[in-house]
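Single-structure report; data block below.
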Amino acid sequence: MDPLYKPQGVEQHWQQTWEEEGLYAADASSEKPPYVIAVPPPNVTGALHMGHALNGSIQDALIRWHRMRGFNALWQPGYDHAGIATQAVVEKELRKEGTSRFDLGREAFVERVWEWLHEYGGVIMGQFRSLGCSLDYERERFTMDDAYVRAVTRFFVHLYERGWLYRDNRIVNWCSDCRTSISDLEVEHVEVDDAIVYAHYPLADGDGHITIATVRPATILADVAVAVHPDDERYRRFVGRDVIVPVVGRRVPVIADERVEREFGTGALKITPGHDPVDFEIGREHGLPEPAVIGLDGRMIGDIPEKLIGLTEDEAADYVVTWLREEGLLEKRESYRHSVGHCERSGTRIQPLISLQWWCAMDDLARPAIEAIESGRVTFHPPVQNRVALDWLHAIRPWNVSRQLWWGHQLPIWYCPDGHVVCAETEPDACTECGSTELRRDDDVLDTWFSADLWPFATLGWPDETPELRAFYPGDVNSTAREIIFLWEVRMVMAGLELMGDIPFKDVIIHTTILAPDGRRMSKSLGTGIDPLELIDEHGADATRYGLLKMSSTQDVRFSAQQIEEGRKLANKLWNASRLLLMAGAVEPDARPSSVEESWILARIDATRAELEADLAAFDFAHAVEKLYHLTFDDFCDWYLESIKPRLGEEDVRATAFAALERLLKLLHPVMPHVTEEIWTNLAARESRLIVAPWPEPQTWEGEFEAIENAQTAARIYRRSGVRIRLTDDSARIFEAVVRPTDDGHGDVDAERARVQKEIDRAERMLANEKFVANAAPEAVAAEREKLAQYVAERDALA
RNA sequence: GGGCGGUUAGCUCAGCUGGGAGAGCAACGGCUUUACACGCCGUAGGUCGCAGGUUCGAGCCCUGCACCGCCCACCA
């Protein structure tokens, strides 16, 4: 064994061995209780980033821990087809080749996407392997697998039959770059510098004008009204009369609506139902027309002056402003900063426009989900996220589920020439209403999240009644980043309750976002990303896992290389501690303690086991990992190994040491699987792997308690001061046990005595304070008395 | 605009229902007695963002303010 632990070859070896030996595999026919986590399916086009690495470390720690505890642990792997992202990648390729998806046609394009995926896609599972993630790789699923497509279709038909899916011409978020609508959740609001234009709309009867303010002058061409607040004195006399829309010269009414803010702008709002969500609502209520002047490609269309057709919105805006100025209708133009929706995928400014889309009414789906979260059947961690999820659910709005893409799940919707709609799981022969056989399938595909919502059960074979579904549903935990709480987590709860009649998981971990060291987001475009694969390369997967878990928190944290470094040191320390014992000669482990130091270390390990379990159960990985570090460095190495070092020649001393080491390795395994397994095989010839070794049982310590306590007190004083305290009877032995025999320091007895005296003074002062004794909680007073007694004891020991 | 979170040692972060300010790293000093210099022993370092308040007692509770960040949002 090399004194320097080198993770590189070791880690690959174990990753391969574990998988080959089938130790990652869950068994649907097992008698053991199940423990299930479905991995958030990464984009099939994606590569491992810091978020995946952190989340992988979290999930694998839980999975490995439960596997050792005797659970039938399933960590379900797989990919998401990521409609928009994947289609965009392939379209970019095509553009380079000087062609387009339209040249290829739908079928050939989809074929092309598959080809691309077979060549370049699906690399992340390999990267998860190199992190040591014990996913059941044999069970890999893809949201575009035939079986999965069937599940998605079933889901859609189910919702349709429930009457929750409907087709409507409504205003949507249109991305002219992706050429599709996107849902509200995929819109990112970004602060933008714009110009706001104040324009006069003359009254049709020549009696003055109303001034409106707009940041999008081109949409003036699609105005159908001007709205004012019903209680606004300034405009009351205009309501019911007509104004003339500039440029197009259209006569439109002045209407009253409470949604108009009197204080904002001029208090008069131009109404453009075709290109603004609020205006759309107002327009619908007032029965106004909904003309469009901006097309799906972002260029000007419609009933507008000929020369404007085909211009961009900006060009048209320039024309309109110039026109206003020349006609004397431009009051002013000011710079204006406000927040504007952008497509989170392409970064393009969202164009609100009216389009015929499929929508899903969410209220009936939301209700059971609300109940599930309120009752605690599904719990988010940290708990503040329960509130976040509930707030969203309470204000839920219809979901635009159709996308104007080709890559994805095509809607199981057919239309006949008479306009009848047929929704069916398989292609129908004829229209169910009129019998027409000339059916045309809807071109659109479903929102990627529509299929992702079925992930916890479609991966297990739903809608078929498979053994897997019976064995592994509902699952236990789901872990993700904050940004997909609504997009995915909450909707999975809705889908699970609706289709399976049960929640998909009990606990949702919303993990930390790891920021770049400078506090910005890690992102490729900013150049702030840190590649976890490089960390693994350099420091090892164990160190990386440790470091990431140490960084995890309930808040966002900055990446710090120090934490990874700490993990590397821990692995190396463990390695060398094992070397020490192995070089002295391997023997059969024997956990029966025969000295106080042996009782002490076994007690320490057991106490840490209990703390560790509590931390893991609370999904507090940073604290879990910190305790492992201290157990290894301080307790096991600095105290225990140093104290037994002179007696390592004795077999029974080593026997206990190996027993203690085995337990230590077990506790560390969920976090640092590779180095622990590597040491494990060196310990003794054994059949089983550490990955499936039983988790340590709680220990009982009859009759040893007092001795252990005393040992700990002695250790504490010695550590603090270097002072060797004098103890009586058996305690003298304890003292020898916990003081490093190689150490000859005596410390400064006077200084230590002074320190203890200070503590005594403090405690006495508090207890002398009548108000404290009278007002403080009795336990607090008692605790203070106890401390006083303890320090008095220490002082006596120092005498 | 609404909501949530943060501000603690040079850095990254802990500090449970209010009762002695912590860890790791970095810094400094000392250790080449063979597990580990990716080590060991030790030292120093903080008006807990600011200002008030409640309390016997506040990093923790309340109010206000200042920055930083996130989520949600139909103010043109």
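What you are looking at is a predicted structure, and each value in this text was computed from that prediction instead of being measured. Below, read A as the first sequence line, B as the second, and so on, with proteins coming before strands; counting in each chain starts at 1.
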What I'd like to find out is whether the side chain of R333(A) reaches to under 4.5 Å of the side chain of I196(A), using heavy atoms alone. no
Verify whether one side chain among R568(A) and Q563(A) offers a donor that lies under 3.5 Å from an acceptor in the other. no
Ion pair present between [X] and [Y], side-chain N to carboxylate O less than 4.0 angstrom?
X: D761(A); Y: R765(A); result: no
X: R482(A); Y: D556(A); result: yes
X: K550(A); Y: E626(A); result: no

Categorize [X] for me: base, sugar-phosphate, or nothing, with a 4.0 angstrom heavy-atom threshold over every strand shown.
X: E626(A); value: sugar-phosphate
X: E483(A); value: nothing
X: M766(A); value: base
X: R387(A); value: nothing
X: F486(A); value: sugar-phosphate
X: A777(A); value: base

Kindly confirm or rule out a cation-pi arrangement of R491(A) over W399(A), judged by NZ or CZ under 6.0 Å from the six-membered ring centre and within 45° of its axis? yes
In terms of side-chain heavy atoms of [X], which of [options] is nearest?
X: E261(A); options: A35(B), C75(B), A73(B); answer: C75(B)
X: N576(A); options: A76(B), A35(B), C40(B); answer: A35(B)
X: R558(A); options: A35(B), A76(B), C13(B); answer: C13(B)
X: L185(A); options: C25(B), C72(B), C40(B); answer: C72(B)
X: R521(A); options: C70(B), C36(B), G5(B); answer: C70(B)
X: S560(A); options: A76(B), G19(B), U12(B); answer: U12(B)

Minimum heavy-atom separation for E483(A) to R521(A), with atom names?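 What the structure gives for the nearest pair is OE1-NH2, 3.9 Å.
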List the atom of E191(A), the atom of S339(A), and the distance in Å for their closest heavy-atom pair. OE2-CB, 3.6 Å
Any side-chain N or O of [X] under 4.0 Å from OP1/OP2 of [N]?
X: N775(A); N: C56(B); answer: yes
X: Y336(A); N: A76(B); answer: yes
X: R397(A); N: C74(B); answer: yes
X: K771(A); N: G57(B); answer: no
X: S339(A); N: A73(B); answer: no
X: H338(A); N: A76(B); answer: yes
X: R568(A); N: C38(B); answer: no
X: K569(A); N: A37(B); answer: no

Considering only atom [atom1], compute the distance from [N] to [M] and round it to an integer number of Å.
N: C60(B); M: C48(B); atom1: P; answer: 10 Å
N: G2(B); M: G10(B); atom1: C1'; answer: 38 Å
N: A9(B); M: A66(B); atom1: C1'; answer: 23 Å
N: C74(B); M: C56(B); atom1: P; answer: 49 Å
N: U33(B); M: G18(B); atom1: C1'; answer: 50 Å
N: U7(B); M: G59(B); atom1: C1'; answer: 12 Å
N: C13(B); M: A26(B); atom1: C1'; answer: 14 Å
N: G29(B); M: U12(B); atom1: C1'; answer: 25 Å

Is there, by distance only and without an angle test, a donor paired with an acceptor across the side chain of [X] and the base of [N] below 3.5 Å?
X: Q562(A); N: G24(B); value: yes
X: E642(A); N: A35(B); value: yes
X: S578(A); N: A35(B); value: no

According to the interplanar angle, ranging from 0 to 90°, do the rings of Y5(A) and W575(A) count as parallel (below 30°), tilted (30 to 60°) or perpendicular (above 60°)? tilted
Give the rounded distance in Å between these two atoms: [atom1] of [X] and [atom2] of [N].
X: I196(A); N: C75(B); atom1: CD1; atom2: P; answer: 13 Å
X: K550(A); N: C11(B); atom1: NZ; atom2: C1'; answer: 13 Å
X: I510(A); N: C71(B); atom1: CD1; atom2: C1'; answer: 12 Å

Stems in RNA chain B, runs of 3 or more consecutive Watson-Crick or G-U wobble pairs with both distances under 3.5 Å, sorted by first number, are B:1-7 with B:66-72, B:10-13 with B:22-25, B:27-31 with B:39-43, B:49-53 with B:61-65
E565(A) vs T214(A), nearer the 5' end of RNA chain B by closest nucleotide: E565(A)
Ranking K787(A) and T554(A) by the position along RNA chain B of their nearest nucleotide, the one closer to 5' is T554(A)
Ring centroid separation H338(A) to Y336(A) under 6.0 Å: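 Between Y336(A) and H338(A), which both carry aromatic rings, the centre distance is below 6.0 Å.
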